[in-house]
Amino acid sequence: MTHDPADLAPRLLDWYDAHRRTMPWREEPTPYHVLLSELMLQQTRVDTVIPYFERFVARWPTLQDFAAADEDEVMSMWAGLGYYRRARNLLKAAREAVARGGLTGDPASLRELPGIGAYTAGAIASIAFGTQTPVVDGNVERVLSRLHRDGSDPTTTKGKRRFWELAEPLVPADRPGDFNQALMELGATVCSPRTPDCAACPWSHDCEAHAAGVALEFPKKKPKKKPVPVRGVAGILAFDGGILLAKRPAGVLLGGLWDPPSAEVDAESDLEGALVTAFRERLSLDVVVERRLGDVKHVFTHRRLTRTVFRVGLVGVGEPQALQGYDEVRVHRPGDGLALSKLALKTLALADDLPLLG
Ligand code: SF4
């Protein structure tokens, strides 16, 4: 079976022309639109991203507008999309790109921007500038592993490199951006992990795994580690007409986001005692636990958190200070635009008896 790029690319592009999905960033694939959409799409479904993309473009129509945005506002608009480091990277990359005179079609120079890896650089260069360079995501890895019946493990560095090497010669000089999008789309819609629709695939006659009836065995991956269970506590404190929230510093889990004061605890810890200590050591406040509101569960990439939420009351008077692992502390009132993590929203939902949350 040969894998002649001159034959494979036109067939994939014909398929794409007939089946491409409508997405707002495809209507006008400017470098800014591609940067924004590709960062939003990492680990996130297209349907989820579309309204966020539209809101961002309406608020900041150009790269220059976005580069001048306030970080808190960006984080607040990003709330709910998850993986918040992407939002900070996006802003840093936009500012750096504007300082350099704009985004370019050279993948190597794009990769010098903060948070821009090979994938995003390839996407901007090929889709927005027509540079003949590959783009490899999980969908592309799956298609190529099946097409070549290649047993490389895409979760390893060596395996990843292998899929970039397999992709590179396939990218045509004509319409490289459409080709890359077509390959990702083929993986997303036809060559799915568990139910590939090989009858609808433009490469079914070229695909070695399909010919051997072993498509589902590719790509070969080591089994994933299960997320580690973690226990935590959080306290809802009514304060000065609102609820006290604290902000974590950038660079840590949920960094830059606001959340009720909380702590991680050992499985056998005294939860109420740990919470009182956390308020004292992290916020310089003395509190008493009034009642248990319930538990919230939240899964991060490698951790499965069960957080017990308590209503707490202030002992005497106190002025909160952001200490140990917090950047800032503030009183949250409805509609103040603070960027809240999904975990914070779940936690606050347990305090719905507080009229101040509306
Ligand atoms: Fe995937 Fe089937 Fe197409 Fe092979 S023939 S690339 S397994 S959809």
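What you see is a predicted model, and the numbers here were worked out from it, not measured in a lab. Start at 1 and go down the list; that is how both ligands and their atoms are numbered.
Using a 4.0 Å cut-off between charged side-chain N and carboxylate O, Arg248 and Asp327 make no salt bridge.
Excluding waters, the protein N/O/S atoms found under 2.8 Å from atom 1 (Fe) of ligand 1 are Cys191 SG.
Residues Pro219 and Thr155 are not in side-chain contact: their nearest non-hydrogen atoms beyond the backbone lie 4.5 Å or more apart.
Geometric assessment of Arg146 against the ring of Phe218 yields a negative cation-pi assignment under the 6.0 Å and 45° thresholds.
The aromatic rings of Tyr32 and Phe66 sit tilted, their planes meeting at an angle between 30° and 60°. Trp78 and Phe56 have perpendicular rings, their planes meeting at more than 60° on a 0 to 90° scale where under 30° would count as parallel.
Contacts of Arg303 classified as side-chain contact (heavy atoms from CB on, under 4.5 Å), with partners at least two apart in sequence or in another chain: Val230, Leu253, Glu264, Phe300.
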